[in-house]
Asks: 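This structure is in structure tokens; I'll ask about it shortly.
Computed from a predicted model, the values in this text were never measured in an experiment.
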Amino acid sequence: MFQFIQQDQWPPLAWLAKCEKSNPNITVFHGPRVEVCDEWFCEAVWDGEFQNGNFDQTDIVAGSGGRARGVTVIFVSAGNTVDRLQSIEINATTWVSNSLACLTAGANASVPPAEKGYYVAANSVIQGLDRYQRTLSTSVGDVQLTYFDNLCWNQNGLQVEPKPCPHRDFSSFERYRAFLQTHLNAVVANLSSIERRHPLRMMGTLSSGYDSTAVSALAKPEGLREVITFDRARGGDNDSGEATAKILDLQVHRMGREAWREMEFAEVPFIASYSSGEDIIFKGAEPRLRGCVLLTGYYGGLIWAAAAPDLSDQLVRHDSSGLALTEYRLWEGFIHCAVPFWGAKQIRDIDAISKSEAMKPWNVPGRYNRPIARRIGEEAGIPRHVFGIRKRAATVNPFAGWDLMHESRNLLTPSSLKDYLSWISENRSTWLRYGRVPPIPSAKLNYYINMLHMRRIDAINSLSRLPLLWKVLKYQHYQPQYLNHYLFPWALDRAMRRYIFQ
């Protein structure tokens with residue numbers, strides 16, 4: 001069924017499957033740390049025994065892979081919206097990959113540099129699984145983007161297949177917490193299996209906020225020993241989770257939020273993931289990430305809110321944070337496990353727990369209030385005053401403008417900015433072919449345009465605090481301006497260079 005061809009120079013966890021209607025075998029090109037065997041391959045962890053390879057039969061899965069079932073192959077996506085599969089059909093051949101850059105390289109595809117709508121389209125996943133833009137236009141056809149669901153391949157082609165999502169008993173906090181603990185225990189057993197050719201270890205994240213604190217408190221009894229924390233948030237506030245780590249007896253690795261600025265072309269994999277690139281701060285933690293399963297609290301801000309603003313089962317989000325790790329994690333060889341997504345299809349039941357009488361002791365005044373996360377943390381011995389006091393964000397605001405007078409506020413480092421402006425100049429003819437005026441490759445002009453835009457954002461920030469307006473205004477938030485529109489095709493072009501076939 002599978003024919004595996006290892007690509008030693010590729011990012012360690014990337015894979016690309018070539019499916020032909022005329023050929024019963026599927027060729028899988030893969031990086032050196034992808035797990036392979038006769039009936040399946042993966043870069044994944046899940047809540048079952050590793051040797052059985054049943055990651056297609058659960059929604060508690062992080063990473064991706066493919067599983068043969070008779071004459072059918074199921075390509076498995078992560079059970080969250082911080083990772084995805086991408087696929088494209090060209091003539092009688094279908095390509096499937098866990099990397100957009102790998103897919104476009106393998107299919108000899110490119111995206112139009114002059115297109116403006118990439119950020120809005122990529123960010124549409126926050127609107128929910130039933131509303132996101134599922135295609136990305138390329139020179140050889142549309143790439144299909146698949147979040148959460150799986151893809152089923154047989155001789156009739158590729159079809160979307162819903163991921164199994166059994167109904168769980170979330171009738172109380174105790175039952176919901178037991179669900180999280182039980183499945184975390186199973187995931188840890190999976191990642192530490194001696195059957196793995198490439199061993200994995202747990203690594204946590206910890207800030208001064210609710211979500212990472214709750215996840216770390218859950219993971220500590222399951223063997224979590226180390227966490228990454230960043231020194232500060234946007235605006236310079238202390239966002240370190242060191243106080244919590246000390247209470248939980250966790251070894252903490254304190255990372256500089258701006259450390260990535262010292263690295264060449266650090267931005268490329270984050271922006272090439274078809275996202276805003278805001279999680280670039282993880283580049284500074286690079287030596288700690290290789291070979292780990294990174295536990296994060298992404299999505300906790302909605303699923304654990306005191307009153308969730310959207311109760312659909314479509315995984316609607318406030319933002320696309322975490323998505324920028326999609327490509328980067330393949331390059332550095334780690335699996336991203338966002339725990340709050342577990343069981344999230346039952347958000348109504350979880351929201352009912354937050355609003356229940358039993359949770360009142362953990363309901364605190366103010367807008368920054370997540371009773372479930374607070375109770376998990378406090379019952380683990382973390383005092384109330386240590387975490388969840390003020391909402392902070394350590395991620396980079398990607399479209400806040402390039403400030404030539406303050407290099408630390410730029411999204412692009414000097415080497416990347418120089419390369420990007422050269423790329424715009426080299427592709428001037430593309431804008432002309434589309435009947436558009438080519439942008440002026442001037443960082444200074446881009447800065448002034450973005451400063452005007454940020455004044456508009458300040459007004460939106462004020463209005464978005466009003467009831468019911470957040471769902472409308474969030475889609476206007478931090479949209480790119482002028483040169484920022486074209487960062488994605490530049491980054492994708494550069495990222496594709498990592499995928500040279502041997």
Side-chain angles (χ1 to χ4, degrees), residues 13 33 35 42-55 58-63 78-80 82 174 176-207 209-229 240-255 282 285-300 325 329 332-343 372-373 375-382 386-387:
L13 295 184
R33 290 186 64 87
E35 300 280 353
C42 76
E43 47 89 24
V45 294
W46 62 97
D47 60 343
E49 294 185 6
F50 174 78
Q51 60 269 28
N52 293 338
N54 292 330
F55 49 88
T58 178
D59 59 333
I60 310 296
V61 56
N80 54 53
V82 295
E174 289 79 9
Y176 175 59
R177 191 192 188 287
F179 157 79
L180 294 174
Q181 202 72 59
T182 298
H183 286 275
L184 188 54
N185 178 275
V187 166
V188 171
N190 181 286
L191 70 88
S192 59
S193 171
I194 61 173
E195 302 293 328
R196 287 184 176 271
R197 293 189 179 96
H198 307 288
L200 296 168
R201 70 186 195 286
M202 256 196 302
M203 178 66 73
T205 53
L206 198 52
S207 71
Y210 278 113
D211 309 326
S212 60
T213 298
V215 171
S216 295
L218 289 168
K220 169 63 179 178
E222 307 303 334
L224 180 67
R225 297 290 178 264
E226 301 176 83
V227 293
I228 292 167
T229 192
S240 170
E242 289 173 293
T244 297
K246 184 176 181 179
I247 294 165
L248 293 177
D249 192 24
L250 296 170
Q251 181 182 359
V252 61
H253 304 288
R254 183 184 174 100
M255 305 295 173
F282 280 93
E286 195 163 279
R288 303 292 178 183
L289 295 174
R290 294 169 188 149
C292 82
V293 174
L294 184 69
L295 304 179
T296 71
Y298 288 116
Y299 193 60
L325 295 174
R329 71 174 192 82
E332 294 309 317
F334 69 92
I335 296 170
H336 182 189
C337 185
V339 175
F341 279 97
W342 295 356
I372 289 175
R375 183 171 178 180
I376 291 172
E378 290 187 7
E379 289 186 348
I382 307 168
V386 172
F387 71 105

Asks: Under the side chain to side chain contact (heavy atoms under 4.5 Å, CB included) rule, collect the residues that match up with Ala338, sequence neighbours excluded.
Replies: Val82, Thr296, Tyr298, His336, Phe341
Asks: Under a 3.5 Å distance rule, please check whether Ser193 uses its side chain to pair with a backbone N or O of Phe50 as donor and acceptor.
Replies: no
Asks: Listed by chain and number, what are the side chain to side chain donor-acceptor pair (under 3.5 Å) partners of Gln51, not counting sequence neighbours?
Replies: Glu49
Asks: The criterion is side chain to side chain contact (heavy atoms under 4.5 Å, CB included); which residues satisfy it with Ala217, sequence neighbours excluded?
Replies: Ile376, Ala380
Asks: Which residues pass the side chain to side chain donor-acceptor pair (under 3.5 Å) test with Ser207, sequence neighbours left out?
Replies: Ser212
Asks: What residues form a side chain to side chain contact (heavy atoms under 4.5 Å, CB included) with Ala243, not counting sequence neighbours?
Replies: Val386
Asks: Just wondering, do Leu248 and Ser216 contact through their side chains at under 4.5 Å, heavy atoms?
Replies: yes
Asks: Taking only residues two or more places apart in sequence or in another chain, which ones pass salt bridge (Lys or Arg N to Asp or Glu O under 4.0 Å) with Arg375?
Replies: Glu174, Glu379
Asks: Do Val293 and Phe334 have side-chain heavy atoms sitting under 4.5 Å apart?
Replies: no
Asks: My understanding is that only residues two or more places apart in sequence, or in another chain, count here; which of them pass salt bridge (Lys or Arg N to Asp or Glu O under 4.0 Å) with Glu35?
Replies: none
Asks: Taking the side chain as C-beta and beyond, is there a heavy-atom pair between Ile60 and Phe179 under 4.5 Å?
Replies: yes
Asks: Report the residues that fulfil salt bridge (Lys or Arg N to Asp or Glu O under 4.0 Å) with Asp47, sequence neighbours left out, ordered by chain and then residue number.
Replies: none
Asks: Do Val252 and Leu206 touch side chain to side chain, with heavy atoms closer than 4.5 Å?
Replies: no
Asks: Between Lys246 and Glu242, is the salt bridge (Lys or Arg N to Asp or Glu O under 4.0 Å) condition met? List the steps.
Replies: CA-CA 6 Å; Lys246 184 176 181 179; Glu242 289 173 293; over 6 Å; no
Asks: Determine which pairs satisfy salt bridge (charged side-chain N to carboxylate O under 4.0 Å, His left out) with at least one residue from residues 209-218, sequence neighbours left out, and list them in order.
Replies: Asp211-Arg370
Asks: Quick one: are Leu191 and Met202 in side-chain contact, heavy atoms under 4.5 Å?
Replies: yes
Asks: To the nearest 0.5 Å, what is the distance between CG (Leu289) and CD1 (Ile335)?
Replies: 12.5 Å
Asks: Excluding sequence neighbours, so at least two apart, what forms side chain to side chain contact (heavy atoms under 4.5 Å, CB included) with Asn185?
Replies: Glu222
Asks: Looking at residues at least two apart in the chain, or sitting in another chain, which of them share a salt bridge (Lys or Arg N to Asp or Glu O under 4.0 Å) with Glu226?
Replies: none
Asks: With side chains defined as the heavy atoms from C-beta onward, is the minimum distance between Gln181 and Leu218 less than 4.5 Å?
Replies: yes
Asks: Can you run down the side chain to side chain donor-acceptor pair (under 3.5 Å) pairs that involve residues 196-206, sequence neighbours left out, and say none if there aren't any?
Replies: Asn190-Arg196
Asks: Step by step, would you call Glu43 with Arg329 a salt bridge (Lys or Arg N to Asp or Glu O under 4.0 Å)?
Replies: CA-CA 11 Å; Glu43 47 89 24; Arg329 71 174 192 82; 2.8 Å; yes
